[in-house]
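Notes follow the structure.
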Amino acid sequence: MDTLYIYNTLSRKKEKFEPITPGFVGIYVCGPTVYDHSHVGHAKSYISFDVIVRYLRYLGYKVKYVQNLTDVGHLLGDSEEGEDKITKKARLEKLEPMEVAEFYARSYFEDMDILGNIRPDISPRASGHIIEQIDMIRMLIDKGLAYETGGNVYFDVRKFPEYGKLSGRKIEELEAGVRVEVAEDKKHPADFALWKKAAPEHLMKWNSPWGKGYPGWHIECSSMSTKYLGETFDIHGGGLENIFPHHECEIAQSEGTFDKPFVKYWMHNNMVTVDSVKMGKSLKNFITIKDAVKRYMPLAIRYFILMSHYRSSLDFSEKALDAATTGLKKIQNFMVRIQDAIASVDETSRQPILPLEKFENNFRAAMNDDFNTAQALAATFDIISEVNKILDDKKNQPGKSELQQLQGVMKKTLGDVLGLISREHAESKTSGEDFDHLMDVLLDVRSDLRKEKNFQIADKIRDGLGSIGVSIKDTPDGASWEKE
RNA sequence: GGCGACGUACCCAAGUGGCUAAGGGAGAGGUCUGCAAAACCUUUAUGCGGCGGUUCGAAUCCGCCCGUCGCCUCCA
C-alpha cells in the first residue's frame, strides 16, 4: 500500500497516515446547518472530503464516513435571547422548525448528489441524538469539567489545561479582545455552553436534567462522532473557520469525557472567495449550488474545485468557471475518443505503447501528498495529451485490450477517485439502444449526403442535432456523436 | 489587540532547497478539414510582492517592509 501523507492541523505538519486499526478508517466531517440552500463554498468543503474518502477507498481502506446534519438550530447574533437560525427561518416562512430543517436537508442532499458526491455512510441528525448529548454533558458535570447554573451548563475551560492546543490559542489571551458580550453566569469568559435554557417562546427545546432547553453549539459533534466512530477515531474534517472555537471545544468535551485522544488527524479545507473575500451568508456574496448548476455543468464546478488544493483558498469567478467548463470538456472528449477507438480498433496483440503505468504512478504520488488534486489533474492532462498524440499517429495504434486497460485506469482515477466522469462518459455515450440505432441511421444518411457534397442538408442535420444537445464531430474515420 | 494564512504569466492554479518554474483557460500563428468541432504542433514568467541575509545553490529557509485575506460570534 502506498504511503499517504496528510497535513494535520494539530501538528501543523504533513504526517504519514497510519490508521488506528490497520485497513480501516473512521472519518467525521462537520456537516451543514440545514436552514438555507448550500452555496459554492459548501461545495468546496464537501467535494474535498468526498474525494478524500474516495481516495482512501481507492487505496483499499474500508472507510466509515460520518457527516452530521445540524438541525437543532443555534443562537443568532450575540443576544442570549436570540432566536436560533432554524426558528428564525421557520417564523419567516411560517413553517414548523422541523419542516424547515427537513426541507433544507433534502436540498442539501440534492445538491451533493448533483455535484457527484457519494453520500456519507451515516448522516446523523443532532435532533435525533439529544439523549446522547445529555449523557455526555452529565458525564462532564460528574467529572467536574462542567457546571450548571440556572438551567445553563457550561464547560469549565480552566479545568482542561490542553484547551487551545488545536488553534494555538491560550485561555488567558481569550479574555482580551473578545467581541462578544460575556454571559454573566460564566465562571470564565472562554467557558462555552453545553446546554442552554430555553426561553418560553423558544420552539426547539427538549427536557433535560437541567430543565427545558437545547444543546450547545459543539456537543453534537462530540457525541455523534464518538458514538459512531469510537472514542478515538482517525480523521475529523471541516472548514478551517471551525478550528476555533468549534473543533477546539469538541476536543475539550470529548477528551474530557473519555480521557483519551479524540482524533488522530485533523483536516481543514480552505474557503471559496469572491474577489478574494470569503464567500458567505453574511456578506451576501454567495452563489447557491442550485443557481450555479443552472449556469455551469455540475461537474465543471467539481473540476473547478479540484483544480486547487483543498487547503488553498479558491477564487470564484465567471472566467474561472468558464475555463473549468472547457477543461472538463477536454476530459470528456477524451473519454469519448477512447470509447470510439475501442469500438473501431480490431483486436490485435500489439506491444503496449500507452504510458499507463507512468500516469498511475504520477496520479498516486500527487494524491499521496496530502490529496493534491491539482497535481493529479495535471498528471491526467499529461496522459490525455500523450494518448491523443498516439491516436493521431495512424502508423502506430494501440491494441484494443490496451485501450480497454486505459479506459479502466481512467475510470478508476478520474472516475472513482475524482468523480469527474459522468455515467454517460464512463460506460458509453449512449442513452438507450433505440437512441443509438436512431443516431446510426441518421449519421449514415448524413454521411451519404456529404459524399454527394450536399453540405447544406448535412449541416442542417448537424445543427438540428446540436440544438437538442447532440454534438457531431466529423473525423477521418467517420462521424462521432456525443450527447450533452 | 491575539492567533493564522496568502502574494507564481493576461486569468485560474501546482510547486516549499538543486534538471530547461506543472497543468488548465485565454491570446497569436500553423497542421488537418467542404465548413464546423475535436485533436496535434509552435508561441506567451532569465523570473515567482519588495529589499536584505543564510547557502556552492532559494519561488522555496531567515529577517524586515508592502499588500490581501481568514479566525477570535453561528459559519464549509
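Every value quoted in this text rests on a predicted model; they were computed, and no experiment measured them. Proteins get letters first, then strands, A, B, ... in listed order; numbering begins at 1 in each.
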Check: Which part of the nucleic acid, if any, lies within contact of A:His309, taking any heavy atom under 4.0 Å across all strands shown: a base, the sugar-phosphate backbone alone, or nothing?
Finding: sugar-phosphate
Checklist line | C1'-based separation of B:rA26 from B:rU20 [nearest Å] | finding: 24 Å
Next item on the list: Check the pair A:Leu115, A:Asp50 against side-chain contact (heavy atoms from CB on, under 4.5 Å), reporting the backbone distance first and the verdict last.
Entry: CA-CA 10 Å; A:Leu115 291 173; A:Asp50 177 61; over 6 Å; no
Note to self: Distance check, C1' atoms only: B:rG34 and B:rG15, in whole angstrom units.
What the structure shows: 46 Å
Next item on the list: For RNA chain B, produce a single dot-bracket line, 5' to 3'. Pairs: Watson-Crick or G-U wobble, both distances under 3.5 Å. Symbols: ( ) within strand, [ ] crossing, | other strand, . unpaired.
Entry: ((((((((.[[[..)..(....]]]((((((.......))))))....[[[[[..)....]]]]])))))))....
Note to self: Categorize A:Phe49 for me: base, sugar-phosphate, or nothing, with a 4.0 angstrom heavy-atom threshold over every strand shown.
What the structure shows: nothing
Notebook entry, point to check: When rounded to the nearest Å, what value does the distance between P atoms of B:rG24 and B:rA13 take?
Noted result: 16 Å
Next item on the list: Describe the nucleic acid contact of A:Tyr46 in one word from base, sugar-phosphate, nothing, applying a heavy-atom distance below 4.0 Å.
Entry: sugar-phosphate
Got a list of side-chain donor-acceptor pairs under 3.5 Å for residues 447-468 of chain A, not counting sequence neighbours?
| unit_1 | atom_1 | unit_2 | atom_2 | d |
| --- | --- | --- | --- | --- |
| A:Arg450 | NH1 | A:Asp474 | OD1 | 3.2 |
| A:Asn454 | OD1 | A:Ile457 | N | 3.3 |
| A:Ser467 | OG | A:Gly464 | O | 2.7 |

Next item on the list: Decide if atom CG of A:Asp275 counts as having more than 12 heavy atoms of other residues, nucleotides or ligands within a radius under 6.0 Å.
Entry: no
Check: Between B:rC71 atom C1' and A:Asn242 atom CG, what is the distance in whole Å?
Finding: 10 Å
Next item on the list: Look at A:Asn333 and B:rA38 and indicate whether a side-chain polar atom (N or O) is within less than 4.0 Å of OP1 or OP2.
Entry: no
Checklist line | Pair A:Arg119 + A:Asp113, salt bridge at N-O below 4.0 Å | finding: yes
Check: To the nearest angstrom, how far is A:Asp275 atom CG from B:rC11 atom P?
Finding: 14 Å
Check: Choosing from B:rA14, B:rA39, B:rC35, which nucleotide comes nearest the side chain of A:Asp474?
Finding: B:rC35
Checklist line | Side-chain-base donor-acceptor pair under 3.5 Å for A:Asp459 and B:rG34 | finding: yes
Next item on the list: Determine: side-chain N/O of A:Lys278 to OP1/OP2 of B:rC71, distance under 4.0 Å, yes or no.
Entry: yes
Notebook entry, point to check: Among B:rC71, B:rA39, B:rC75, which nucleotide sits nearest the side chain of A:Phe244?
Noted result: B:rC71
Item checked: Interatomic distance at C1', B:rU54 relative to B:rC61, whole Å -> 8 Å
Next item on the list: Return no unless some side-chain N or O of A:Ser312 is found under 4.0 Å from OP1 or OP2 of B:rA14.
Entry: yes
Margin query: Ring-plane angle category for A:Tyr310 and A:Phe371, please: parallel below 30°, perpendicular beyond 60°, tilted otherwise.
Written below: perpendicular
Note to self: Quick check on RNA chain B: between A:Gln375 and A:Glu386, whose nearest nucleotide comes earlier from the 5' end?
What the structure shows: A:Gln375
Checklist line | Nucleotide nearest A:Ala378 (side chain, heavy atoms from C-beta), chosen from B:rG23, B:rA76, B:rC72 | finding: B:rG23
Next item on the list: Using whole Å, report how far CG of A:Leu314 lies from C1' of B:rG70.
Entry: 15 Å
Checklist line | B:rG47 versus B:rA58 - spacing of their P atoms, nearest Å | finding: 14 Å
Next item on the list: Could you work out which one of B:rA26, B:rA76, B:rA39 sits closest to the side chain of A:Lys330?
Entry: B:rA39
Next item on the list: Look at A:Lys170 and B:rC3 and indicate whether a side-chain polar atom (N or O) is within less than 4.0 Å of OP1 or OP2.
Entry: no
Checklist line | P spacing across the pair B:rC72 / B:rC11, given as an integer number of angstrom | finding: 31 Å
Margin query: Base of B:rA36, side chain of A:Arg462 - is there a donor-acceptor contact under 3.5 Å?
Written below: yes
Margin query: Cation-pi check for A:Tyr35 against A:Lys281: NZ or CZ below 6.0 Å from the six-membered ring centre and within 45 degrees of the axis, yes or no?
Written below: yes
Margin query: Checking contacts here: which listed nucleotide (B:rC69, B:rC71, B:rG25) is nearest the side-chain heavy atoms of A:Met271?
Written below: B:rC69
Notebook entry, point to check: Counting any heavy atom closer than 4.0 Å, what does A:Gly41 reach on the DNA or RNA strands: base, sugar-phosphate only, or nothing?
Noted result: base
Notebook entry, point to check: Closest nucleotide of RNA chain B for A:Ser167 versus for A:Ser385: which of these residues is on the 5' side?
Noted result: A:Ser167
Note to self: For a quick test of reading the model: is some side-chain N or O of A:Lys329 closer than 4.0 Å to OP1 or OP2 of B:rA38?
What the structure shows: no
Check: Counting any heavy atom closer than 4.0 Å, what does A:Thr326 reach on the DNA or RNA strands: base, sugar-phosphate only, or nothing?
Finding: sugar-phosphate
Notebook entry, point to check: Rounding to a whole Å, what distance do you find between A:Asn269:CG and B:rG4:P?
Noted result: 20 Å
Next item on the list: Please measure how far the P atom in B:rG25 lies from the corresponding atom in B:rC41, and state the result in whole Å.
Entry: 13 Å
Checklist line | Length of the line joining A:Phe304:CZ and B:rG25:P, which is rounded to integer Å | finding: 15 Å
Margin query: What is the separation between atom CG on A:Leu420 and atom P on B:rG23, rounded to the nearest whole Å?
Written below: 19 Å
Notebook entry, point to check: Does A:Asn270 place a side-chain N or O at less than 4.0 Å from the phosphate oxygens OP1/OP2 of B:rC6?
Noted result: no
Next item on the list: Please tell me which of the listed nucleotides, B:rG2, B:rA13, B:rA76, lies nearest to the side chain of A:Val272?
Entry: B:rA76
Checklist line | Separation of the P atoms in B:rA14 and B:rG7, to the nearest angstrom | finding: 9 Å
Next item on the list: Grab the NZ-P distance between A:Lys460 and B:rC35 for me, whole Å please.
Entry: 22 Å
Notebook entry, point to check: A:Asp185 and A:Asn152: side-chain donor and acceptor closer than 3.5 Å?
Noted result: yes
Notebook entry, point to check: Where the side chain of A:Asp392 is defined as all heavy atoms beyond and including C-beta, which of B:rG24, B:rC40, B:rA14 is the nearest nucleotide?
Noted result: B:rC40
Check: Of the candidate nucleotides B:rA39, B:rA76, B:rG34, which contains the atom at the shortest distance from the side chain of A:Arg450?
Finding: B:rG34
Checklist line | NZ/NE/NH1/NH2 to OD/OE distance under 4.0 Å, A:Glu110 and A:Arg106 | finding: no
Next item on the list: Between B:rG25, B:rG15, B:rG70, spot the one nearest the side chain of A:Asn372, thanks.
Entry: B:rG15
Margin query: If I take atom CZ in residue A:Phe381 and atom P in nucleotide B:rA39, what distance separates them, rounded to the nearest angstrom?
Written below: 10 Å
Notebook entry, point to check: What nucleic acid atoms does A:Lys281 come within less than 4.0 Å of, heavy atoms only: base, sugar-phosphate, or nothing?
Noted result: nothing
Note to self: Quiz question: by atom type and distance under 3.5 Å, do the side chains of A:His129 and A:Tyr228 form a donor-acceptor pair?
What the structure shows: yes
Note to self: If you count every heavy atom of other residues, nucleotides or ligands that lies below 6.0 Å from A:Lys358 atom NZ, does the total exceed 12?
What the structure shows: no
Item checked: Flag for A:Thr9-A:His268: side-chain donor and acceptor within less than 3.5 Å -> yes
Notebook entry, point to check: From the list B:rA14, B:rC71, B:rG70, which nucleotide is the closest neighbour of the side chain of A:Val277?
Noted result: B:rG70
